[in-house]
Amino acid sequence: MSSVSPIQIPSRLPLLLTHEGVLLPGSTMRTSVDSARNLQLVRNRLLKGTSLQSTILGVIPNTPDPASDAQDLPPLHRIGTAALAVQVVGSNWPKPHYTLLITGLCRFQIVQVLKEKPYPIAEVEQLDRLEEFPSTCKMREELGELSEQFYKYAVQILDAVSLEERFKMTIPLLVRQIEGLKLLQKTRKPKQDDDKRVIAIRPIRRITHISGTLEDEDEDEDNDDIVMLEKKIQTSSMPEQAHKVCVKEIKRLKKMPQSMPEYALTRNYLELMVELPWNKSTTDRLDIRAARILLDNDHYAMEKLKKRVLEYLAVRQLKNNLKGPILCFVGPPGVGKTSVGRSVAKTLGREFHRIALGGVCDQSDIRGHRRTYVGSMPGRIINGLKTVGVNNPVFLLDEVDKLGKSLQGDPAAALLEVLDPEQNHNFTDHYLNVAFDLSQVLFIATANTTATIPAALLDRMEIIQVPGYTQEEKIEIAHRHLIPKQLEQHGLTPQQIQIPQVTTLDIITRYTREAGVRSLDRKLGAICRAVAVKVAEGQHKEAKLDRSDVTEREGCREHILEDEKPESISDTTDLALPPEMPILIDFHALKDILGPPMYEMEASTALVADHLVTVVFLGKVAEGRLHNATSQAQHQVPQGGLFLDVVV
Ligand SMILES: Nc1ncnc2c1ncn2[C@@H]1O[C@H](COP(=O)(O)OP(=O)(O)OP(=O)(O)O)[C@@H](O)[C@H]1O
């Protein structure tokens, strides 16, 4: 018991009759005042009275005040709460109305009603010691507040004057509350990433801190991620310098509020750092004989290129860790430069990554942006390493001759550091801001011409010219590589389609004009698509001419009479017949699929058969066309004839 003498409430109290909610000692509630007696009470006691005593009211629960004061006072609840009116807010519209903010002080019991009008006044007996509430009775207040929602129980709690009795009443209510929360948790679906620890912690959190539970869960997940990230940093095999930076950054991240924009930036940075293949590499398969077979299998002709690539690989086999030259394949489009690069990666058993440099005019594309920039990210080299996941891939720098220049710097200058074997073991991307060792990466560059490659870059590379193909080479490439690839892509088999060499020659001479084979490949794709439709529809009628007929007609196709023409692929008149295999692609089928020929034989090459010496004069033409025209002319010179190629 406290030695301080208890505060006494007045022995006569004006009564405020309420029927919504129960005010318990120590709690605060807002109550609406709109009935006659209660309005009188507010006007006379609270709005007119100025002493502290005039603000103390007796709040009687469970007793509705009649609408008019002409009616008798209803039977009053025996026990009430003495309350302090803290705030009065009122309005006269649409009818007089007040809202009171009242704080419960202590219980009292009505001894006798002294007056009924204009508002009831009663003689009361104080039941609680008033000074106990703020200090020792905190528990009682909390228990009271928690059970406020249960109106009927609240009235009973109010009636329970002795502390023991009050505990007896509130404990079952608390147990019910806890059971309810447990049930709620069971019905919630557990998240996939919830581990046992999280589940074990959550029920406790819910009971102690019910509001904002979802936010807590999000925070938990984020914290778990950071713990994982920290573990990854500790176990990663990054160099010491990078490790130090990561440790510093994760310390900052832990202290940072998640709402800060820098939080996401730092997190992304650390995630990249742990993902990078600092020490992860593939083992090279350096078998020159196997490499030769693989290169020969993948590419027809290109002897010079293949020879140099094999030399390069042989030196690598003999001397590991070669700081050799960077190979740069230069040639017209579609001659297989990229494709050879891919084969080199395959022969070495390394990962392959292509970096298209065409149109790149900002040096941060190569070297990344500093982290202070909004939307900063690493450059293409570091991105490529993250994609392949090893530190010794084959990087194909495609189209180095198409690098641009702008106010944002010269990307070619940034490439100098990447390609220099003396410097690239310390390559520093602006985003990472720590050195990454690129010395294990095998760089191969491709270009269409050396004319536009910056001199400093050209100086670091060994140029290997890849010339265009002759017609014979193109026919071989088509039949060995392109047609089987197209058939496979279109789900066709050699039993369903037959493309004779003479047709291929027709495509090469009449439908394409190129040094490489890309257009040829596209035309073959178009043929395969058309045949795929026929095969799928089952509406094809076999072309009636056999292969010998085709050979006979070579050179005099234009003179075939209309009635002698074989039925073409577009003839679908006889729908009842099943398709007869294989579908032969002859000149007429070609015309149906690809349309009329785009190029006719050039006069200069058509006439060569009659002359022993042919001179081809060519003006200013593209490199690819020049080679193509000369190779066509060379092809047409009869046995024993002399071919003279004069370029003006
Ligand atoms: N000698 C060859 N043997 C087999 N296929 C070839 C040969 N030359 C080119 N090809 C095929 O031609 C296609 C185009 O080749 P690729 O993309 O490598 O050309 P490119 O020279 O890199 O062209 P660009 O300069 O436009 O990038 C590929 O499908 C490739 O397989």
Side-chain angles (χ1 to χ4, degrees), residues 291-310 326-347 352-360 380 394-404 442-453 457-458 461-490 499 501 504-505 507-508 511-529 622-628 631:
R292 188 194 299 275
I293 295 170
L294 215 136
L295 275 177
D296 280 340
N297 282 351
D298 281 359
H299 299 92
Y300 179 77
M302 314 176 100
E303 297 310 332
K304 199 174 140 207
L305 176 68
K306 283 196 272 192
K307 188 169 156 258
R308 180 63 189 97
V309 168
L310 282 173
I326 310 291
L327 298 182
C328 178
F329 306 149
V330 179
V335 288
K337 302 180 296 290
T338 313
S339 167
V340 170
R342 195 169 272 121
S343 289
V344 171
K346 209 158 86 179
T347 50
F352 177 79
H353 185 73
R354 176 173 167 261
I355 300 178
L357 295 175
V360 169
R380 291 184 188 215
V394 173
F395 269 175
L396 188 96
L397 305 171
D398 221 355
E399 323 268 14
V400 272
D401 56 327
K402 312 258 182 344
L403 277 173
L442 174 57
F443 288 102
I444 295 177
T446 76
N448 290 138
T449 166
T450 51
T452 48
I453 302 178
L457 204 56
L458 200 62
M461 300 188 291
E462 180 185 330
I463 304 296
I464 302 172
Q465 291 289 348
V466 191
Y469 298 115
T470 59
Q471 279 174 6
E472 290 75 17
E473 282 170 345
K474 283 186 188 176
I475 293 173
E476 283 302 320
I477 292 171
H479 284 268
R480 287 177 194 222
H481 300 282
L482 306 183
I483 295 176
K485 201 172 75 189
Q486 288 294 347
L487 292 193
E488 205 224 310
Q489 275 177 12
H490 291 86
I499 305 176
Q501 291 210 348
T504 317
L505 182 67
I507 304 172
I508 293 166
Y511 289 89
T512 64
R513 274 286 185 278
E514 58 174 354
V517 290
R518 201 170 268 138
S519 266
L520 173 63
D521 195 30
R522 266 201 304 275
K523 302 284 177 209
L524 290 170
I527 293 169
C528 288
R529 279 196 299 278
E623 201 178 341
R625 280 199 64 174
L626 167 77
H627 186 93
N628 197 50
S631 63

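Both counts, for ligands and for their atoms, begin at 1 and track the order of listing. Since we're looking at a predicted model, the values are computed, not measured.
- Close contacts of ligand 1 with Tyr300, meaning ligand atoms under 4.0 Å from a residue heavy atom, involve 1 (N), 2 (C), 3 (N).
- A heavy-atom separation below 4.0 Å is found between Asp298 and ligand 1.
- Contacts between Ile477 and ligand 1 below 4.0 angstrom, taking non-hydrogen atoms only, involve the side chain exclusively.
- Residue Val517 has no nitrogen or oxygen atom sitting less than 3.5 Å from a nitrogen or oxygen atom of ligand 1, judged on distance alone.
- Counting all heavy atoms, side chain and backbone alike, Tyr300 lies closest to Tyr469 at O-CE2, 4.4 Å.
- The shortest separation from a heavy atom of Tyr469 to ligand 1 is under 4.0 Å, placing the residue in contact.
- Across Leu520 and Glu514, no two heavy atoms sit closer than the pair N-OE2, 3.0 Å.
- The shortest non-hydrogen separation linking Ala445 to Met461 is CB-SD, 3.8 Å.
- Residue contact check: His481 has heavy atoms under 4.0 Å from atoms 3 (N), 4 (C) of ligand 1.
- The distance from ligand 1 to the heavy atoms of Asn448 drops below 4.0 Å at these ligand atoms: 25 (O).
- Heavy-atom distances between Arg480 and ligand 1 stay at or above 4.0 Å for every pair.
- Remark: ligand 1 atoms within the under-4.0 Å shell around heavy atoms of Gly336 are 8 (N), 9 (C), 15 (O), 16 (P), 18 (O), 19 (O), 20 (P), 21 (O).
- Close approach of ligand 1 to Met302 (heavy-atom distance below 4.0 Å) involves ligand atoms 1 (N).
- Salt bridge annotation for Arg342-Asp298: absent, with no cationic side-chain nitrogen under 4.0 angstrom from a carboxylate oxygen.
- Using 4.0 Å as the threshold, Thr446 has no heavy atom nearer than that to any atom of ligand 1.
- Closest heavy-atom approach to atom 29 (O) of ligand 1 within the set Glu399, Lys474, Lys485, Lys306: this belongs to Lys485.
- In this structure, Ala301 falls outside the shell of residues with a heavy atom less than 4.0 angstrom from ligand 1.
- Which of Arg522, Lys337, Lys402 comes nearest to atom 21 (O) of ligand 1 through a heavy atom is settled by distance: it is Lys337.
- At a 3.5 angstrom cut-off on N or O pairs, Gly334 counts as close to ligand 1.
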